[in-house]
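Note that the coordinates shown come from a computational prediction; the quantities given were computed from them, not determined experimentally.
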Amino acid sequence: MPQSVKEECMKRDTERKQIEALILKYEKTVYKLAYSYMKNKQDTDDIYQEVFLRFFRKKPEFESEEHEKAWFIRTTINCCKSYYLSGWVKRTMAFEEGTHGREDSYEMGGQSDLFYAVMELPVKYRTVIHLFYYEGYTVREIAGLTGEKVTTITTRLSRAREQLRDVLEPSGAYGTHRGNGRLAAAGTSEKCMRF
């Protein structure tokens with residue numbers, strides 16, 4: 001085998017390994033965020049694929065690991081928004097309204113009343129809940145990722161908490177229903193939402 005062909009094969013192998021490592025690093029973040037928007041496995045799979053295709057096509061350079069993660073989150077949000085703005089979705093959404101997101105739903109690990117309550121929130125609230133509690137971003141960082149004002153994100157987070165409180169604690173007796181009024185984030189005990 002000529003040297004140039006051998007070098008090209010080694011280069012491709014190295015690139016493939018880097019791509020696989022990158023997918024493994026961000027697959028959960030991208031998939032969970034996309035699912036919080038799409039609410040069904042089929043559309044989430046499409047968004048997931050589109051995010052990584054955009055990365056491979058553009059091959060952006062990142063300043064840091066935080067910048068890299070922020071790029072994947074922002075791209076996922078943009079892909080989800082683009083999906084909902086497409087003409088095809090607008091025309092078919094009304095037809096599927098009764099079943100969209102219910103058939104063959106992907107069940108995220110550790111489903112609970114909390115998971116289902118979050119999934120019933122409007123997308124603007126699901127997004128801030130996901131980024132704040134599951135990804136660990138601050139309100140200011142979420143504002144930067146979503147292109148919204150800090151006050152808008154603060155308001156959305158507050159309203160999302162109120163809606164979740166109403167669903168998870170319908171009696172209004174704080175501390176007596178569903179985990180003593182605490183909403184644990186992504187299986188961690190150090191960051192909780194207080195009602």
**OP:** For residues Arg74 and Gly147, report the shortest heavy-atom separation together with the two atoms involved.
**Re:** NH1-N, 4.0 Å
**OP:** Output yes when Arg12 and Glu8 qualify as a salt bridge under the 4.0 Å nitrogen-oxygen rule, no when they do not.
**Re:** yes
Original post:
Side-chain contact, heavy-atom cut-off 4.5 Å: Gln163 with Pro122?
Top reply: yes
Original post:
Got a second to check how far His130's NE2 is from Tyr137's OH, nearest 0.5 Å?
Top reply: 9.5 Å
**OP:** Please name the pair of heavy atoms, one in Gly136 and one in Glu141, separated by the smallest distance, quoted to 0.1 Å.
**Re:** O-OE1, 4.4 Å
Original post:
Can you tell which of Thr127, Thr76, Thr44, Asp43 makes a side-chain hydrogen bond (donor to acceptor under 3.5 Å, both in side chains) with Tyr37?
Top reply: Thr127
**OP:** Examine Leu24 and Val30 and state if one hydrophobic cluster contains both, with Ile, Leu, Val, Met, Phe, Trp and Tyr joined whenever side-chain heavy atoms are less than 4.5 Å apart.
**Re:** no
**OP:** Apply salt bridge (Lys or Arg N to Asp or Glu O under 4.0 Å) to the pair Glu15 and Lys11, showing each step before the final yes or no.
**Re:** CA-CA 6 Å; Glu15 187 175 291; Lys11 180 181 174 185; 5.9 Å; no
Hey, can you pull the donor-acceptor pairs under 3.5 Å for the side chains in residues 66-73, sequence neighbours left out?
{"unit_1": "Glu66", "atom_1": "OE1", "unit_2": "Ser64", "atom_2": "OG", "d": "3.3"}
{"unit_1": "His67", "atom_1": "ND1", "unit_2": "Glu63", "atom_2": "N", "d": "3.2"}
{"unit_1": "Glu68", "atom_1": "OE1", "unit_2": "Lys25", "atom_2": "NZ", "d": "3.1"}
{"unit_1": "Glu68", "atom_1": "OE1", "unit_2": "Tyr26", "atom_2": "OH", "d": "2.6"}
{"unit_1": "Lys69", "atom_1": "NZ", "unit_2": "Glu135", "atom_2": "OE1", "d": "3.2"}

Subject >> Heavy-atom pair of closest approach, residues Ile47 and Tyr83 >> reply: CD1-CB, 4.0 Å
Subject >> Heavy-atom closest pair, residues Lys81 and Thr146 >> reply: NZ-O, 4.2 Å
**OP:** First locate atom OH of Tyr133, then atom CG of Leu157, and finally report the distance between them rounded to the nearest 0.5 Å.
**Re:** 5.0 Å
Original post:
Which atom pair, heavy atoms only, marks the closest approach of Cys80 to Met38?
Top reply: SG-SD, 4.0 Å
Subject >> Donor-acceptor pair, side chain of Ser158 and main chain of Thr155, under 3.5 angstrom >> reply: no
Original post:
For the hydrophobic clusters of this structure (ILVMFWY residues joined by side-chain heavy atoms under 4.5 Å, transitively), does one cluster hold both Leu53 and Phe55?
Top reply: no
Original post:
Rounded to the nearest 0.5 Å, how far apart are CZ of Arg159 and CG of Leu164?
Top reply: 14.5 Å
Subject >> Gap separating the CZ atom of Arg57 from the CZ atom of Phe52, nearest 0.5 angstrom >> reply: 14.0 Å
Original post:
How about Tyr48 and Glu27: do any of their side-chain heavy atoms sit closer than 4.5 Å?
Top reply: yes
Original post:
When rounded to the nearest 0.5 angstrom, what is the spacing between OG in Ser36 and OH in Tyr125?
Top reply: 15.0 Å
Original post:
Hey, are Glu20 and Arg16 close enough for a salt bridge, meaning a charged N less than 4.0 Å from a carboxylate O?
Top reply: yes
Original post:
Is the CD atom of Gln49 crowded by more than 12 outside heavy atoms at less than 6.0 Å?
Top reply: no
Subject >> Atom pair CD1/CG of Ile77 and Leu145 - distance to nearest 0.5 Å >> reply: 6.0 Å
**OP:** Tell me, with the steps shown, if Lys41 and Asp45 meet side-chain contact (heavy atoms from CB on, under 4.5 Å).
**Re:** CA-CA 6 Å; Lys41 184 180 183 331; Asp45 288 343; 2.9 Å; yes
Original post:
Shortest non-hydrogen contact from Tyr134 to Leu114?
Top reply: OH-CD2, 4.1 Å
Subject >> Pairing of Arg156 and Glu148 as salt bridge, 4.0 angstrom limit >> reply: yes
Subject >> Backbone N/O of Val118 and side chain of Arg126: donor-acceptor pair under 3.5 Å >> reply: no
